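Structure, as structure tokens:
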Number of protein chains: 2
Amino acid sequence: MSKRGRPRDFEHTSIVDIAMKTFWTKGYEGCSTQDLCNDTGLGKGSLYNTFGSKQELYKQAVERYHETGIKEQTAILESTGSVKERLRYFLNWGMVEDFESTSPKGCLLINAGLERANEDPIVEGIVSRHIELLKAAMEKIMEEGLRTGEIPRQRSAVDLASLFLSSYYGFRVLNTSTQNRTLAEQIMNGTMESIFGA
Amino acid sequence: MSKRGRPRDFEHTSIVDIAMKTFWTKGYEGCSTQDLCNDTGLGKGSLYNTFGSKQELYKQAVERYHETGIKEQTAILESTGSVKERLRYFLNWGMVEDFESTSPKGCLLINAGLERANEDPIVEGIVSRHIELLKAAMEKIMEEGLRTGEIPRQRSAVDLASLFLSSYYGFRVLNTSTQNRTLAEQIMNGTMESIFGA
DNA sequence: TTAATATTGTAACGTTCGGTACAAAAATAG
DNA sequence: CTATTTTTGTACCGAACGTTACAATATTAA
């Protein structure tokens with residue numbers, strides 16, 4: 001027994017997906033509600049009836065980006081293969097996002113963290129949660145590497161994960177800002193070397 | 001013999017300095033020309049007579065940020081003290097900018113790189129130039145550390161500098177986005193340890 | 001002093017902003 | 001069927017957007 005009244009003729013998640021890419025490309029302040037209507041195909045009536053405000057739609061877009069992103073990232077870190085292979089693949093995945101993505105270039109979560117975390121505590125919460133989860137997954141794989149001896153010289157998994165986390169985010173920022181592939185390769189090499197030794 | 005006509009009653013660089021902070025706080029899209037007039041004390045006539053457009057003022061603001069920033073940064077990297085002390089001080093300087101700055105929090109150059117580098121080739125150029133100069137200064141100090149033996153195990157200065165560069169920018173982004181001091185300390189430790197050994 | 005010139009503050013320009021009002025449309029419940 | 005409910009597209013709201021126009025102002029050159 002479904003609800004009374006005219007049914008919606010769109011999928012909530014599909015709209016959030018599209019809006020996510022619009023915000024990702026143009027930023028929060030840089031895109032208008034009209035842009036969102038154009039890209040999603042919704043009229044303002046539907047858009048405001050469903051989401052209430054631009055800010056609320058943005059939060060849902062960032063939340064969705066976080067959810068799909070953390071799944072992809074942990075899947076890579078927990079996949080088969082050596083620790084070294086998985087970490088290199090992780091960086092490579094980020095590099096594809098920055099240089100070859102059919103989605104917008106760069107990382108929406110970074111943009112949201114810098115543009116909106118200070119203005120919107122909920123956005124801040126999503127970003128912080130994502131980083132905590134990602135860091136935890138990194139600590140796990142570092143522990144594995146230390147246990148098996150793949151990572152030489154005892155250092156704490158927390159320190160290793162913190163380094164890899166920061167280097168990863170710097171990598172993404174530098175890639176997006178400069179589109180410099182040579183630098184990207186050097187960062188990948190420098191990061192891998194710092195963990196696995198010369 | 002000065003020019004004919006009514007003289008300006010403001011200093012060009014002072015205005016750029018103020019505008020820099022306004023853009024830094026609110027972002028390019030997030031601040032209006034009225035915001036810039038309010039903060040600088042200039043009327044729209046003067047502002048447009050002097051700079052021509054919001055975009056042009058933004059470029060000058062980013063350029064000025066770059067100039068003052070690269071001086072500060074290279075001064076730290078080239079100061080007296082051990083390589084380790086200088087690198088730790090460099091990270092600490094960034095941390096102060098992110099947590100305790102009386103200026104706006106975070107780094108305008110990162111914001112500019114992410115928000116405007118894709119839209120404005122001149123901004124892209126400033127950001128890329130800054131990063132190249134900073135990386136060169138980092139390579140120099142890494143060479144010194146390798147030469148004196150302060151940095152153990154031979155790795156290339158380029159790889160070391162690339163790692164430090166990316167970790168530094170990730171550090172800044174994570175600090176600004178999450179305001180998490182514990183994480184910041186862990187990143188500092190992880191980064192220093194990865195260069196100087198356990 | 002007067003002519004020329006540059007800067008100033010203010011008042012607008014047309015456009016776009018985020019958001020709302022509301023009637024037409026499309027479904028279910030009875 | 002009719003009544004009710006929900007979504008839809010469109011027209012519109014006042015405010016703010018980046019930018020321009022321009023007369024008043026303040027200076028120097030002659």
Side-chain angles (χ1 to χ4, degrees), chain A residues 1-62 111-112 115-116 119-120 122-123, chain B residues 1-62 111-112 115-116 119-120 122-123:
Chain A
M1 191 188 293
S2 70
K3 289 184 302 184
R4 187 153 55 168
R6 180 173 176 172
R8 291 195 175 157
D9 67 349
F10 60 85
E11 291 278 343
H12 187 100
T13 53
S14 311
I15 297 301
V16 175
D17 264 337
I18 296 171
M20 183 183 88
K21 293 185 182 175
T22 303
F23 283 125
W24 193 353
T25 307
K26 305 189 171 182
Y28 178 78
E29 295 286 356
C31 95
S32 67
T33 53
Q34 193 55 57
D35 289 332
L36 294 162
C37 288
N38 293 344
D39 291 0
T40 58
L42 264 56
K44 291 202 166 179
S46 298
L47 201 142
Y48 273 86
N49 183 46
T50 308
F51 298 101
S53 70
K54 180 185 176 185
Q55 193 174 339
E56 176 59 32
L57 175 53
Y58 183 77
K59 286 179 217 176
Q60 293 193 22
V62 174
N111 301 345
E115 187 183 5
R116 296 294 303 168
E119 320 295 325
D120 188 333
I122 295 197
V123 170
Chain B
M1 188 187 295
S2 69
K3 287 183 302 184
R4 185 152 59 169
R6 179 173 178 173
R8 292 194 174 158
D9 68 349
F10 58 86
E11 291 279 343
H12 186 100
T13 53
S14 312
I15 298 301
V16 176
D17 263 339
I18 296 171
M20 183 182 87
K21 292 185 183 175
T22 304
F23 283 125
W24 191 355
T25 307
K26 303 189 172 183
Y28 178 79
E29 295 286 357
C31 95
S32 67
T33 54
Q34 192 56 56
D35 290 332
L36 294 163
C37 288
N38 292 345
D39 290 1
T40 58
L42 263 55
K44 293 204 166 177
S46 299
L47 200 141
Y48 273 86
N49 182 45
T50 308
F51 298 101
S53 68
K54 179 184 175 184
Q55 194 174 340
E56 176 59 32
L57 176 53
Y58 184 76
K59 285 179 219 178
Q60 294 194 23
V62 173
N111 301 346
E115 187 183 4
R116 295 295 303 169
E119 320 294 326
D120 189 332
I122 295 195
V123 171

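Sequence lines set the chain letters: A, B, ... in the order given, protein chains first and strands last, and positions in each chain run from 1. The structure presented is a predicted model; accordingly, all values stated were derived computationally and were not measured.
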Closest to the [X] side chain: [options]?
{"X": "A:Arg4", "options": "C:dT8, C:dA29, D:dA26", "result": "C:dA29"}
{"X": "B:Thr33", "options": "D:dG18, D:dA26, D:dT8", "result": "D:dG18"}
{"X": "B:Tyr48", "options": "D:dT20, D:dT25, C:dG19", "result": "D:dT20"}

Categorize [X] for me: base, sugar-phosphate, or nothing, with a 4.0 angstrom heavy-atom threshold over every strand shown.
{"X": "B:Thr50", "answer": "nothing"}
{"X": "A:Phe10", "answer": "sugar-phosphate"}
{"X": "A:Cys37", "answer": "nothing"}

Modelled atom types, side-chain donor and acceptor of A:Thr22 and A:Asp39, under 3.5 Å: yes
Would a 4.5 Å heavy-atom cut-off, applied to side chains only, mark [X] and [Y] as touching?
{"X": "A:Thr40", "Y": "A:Phe10", "value": "no"}
{"X": "A:Gln34", "Y": "A:Asn38", "value": "yes"}
{"X": "B:Gln55", "Y": "B:Arg116", "value": "yes"}
{"X": "A:Asn111", "Y": "A:Tyr28", "value": "no"}

Nearest whole angstrom, please: distance from the [atom2] of [N] to the [atom1] of [X].
{"X": "A:Leu42", "N": "D:dG9", "atom1": "CG", "atom2": "P", "result": "7 Å"}
{"X": "A:Gln34", "N": "D:dC17", "atom1": "CD", "atom2": "C1'", "result": "16 Å"}
{"X": "B:Arg6", "N": "C:dA6", "atom1": "CZ", "atom2": "P", "result": "14 Å"}
{"X": "A:Phe51", "N": "C:dT20", "atom1": "CZ", "atom2": "P", "result": "16 Å"}
{"X": "B:Leu57", "N": "D:dG18", "atom1": "CG", "atom2": "P", "result": "12 Å"}
{"X": "B:Lys54", "N": "D:dC17", "atom1": "NZ", "atom2": "P", "result": "8 Å"}
{"X": "B:Tyr58", "N": "D:dT19", "atom1": "OH", "atom2": "C1'", "result": "20 Å"}
{"X": "B:Leu47", "N": "C:dT8", "atom1": "CG", "atom2": "C1'", "result": "12 Å"}

B:Arg8 (side chain) and C:dT7 (base): donor-acceptor pair under 3.5 Å: no
Whether B:Phe23 and B:Tyr58 hold their rings parallel, tilted or perpendicular, with breakpoints at 30° and 60°: perpendicular
Side-chain N or O of [X] less than 4.0 angstrom from OP1 or OP2 on [N]?
{"X": "A:Ser32", "N": "C:dC17", "value": "yes"}
{"X": "B:Ser46", "N": "C:dT8", "value": "yes"}
{"X": "B:Ser53", "N": "D:dG18", "value": "no"}

5'-most by nearest nucleotide on DNA chain D - A:Gly41 or B:Tyr28: A:Gly41
Residue whose closest nucleotide on DNA chain D lies nearer the 5' end, B:Gly5 versus B:Gly45: B:Gly45
Given DNA chain C, 5'-ward residue of the pair B:Asp9 and A:Lys44, judged by closest heavy atom: B:Asp9
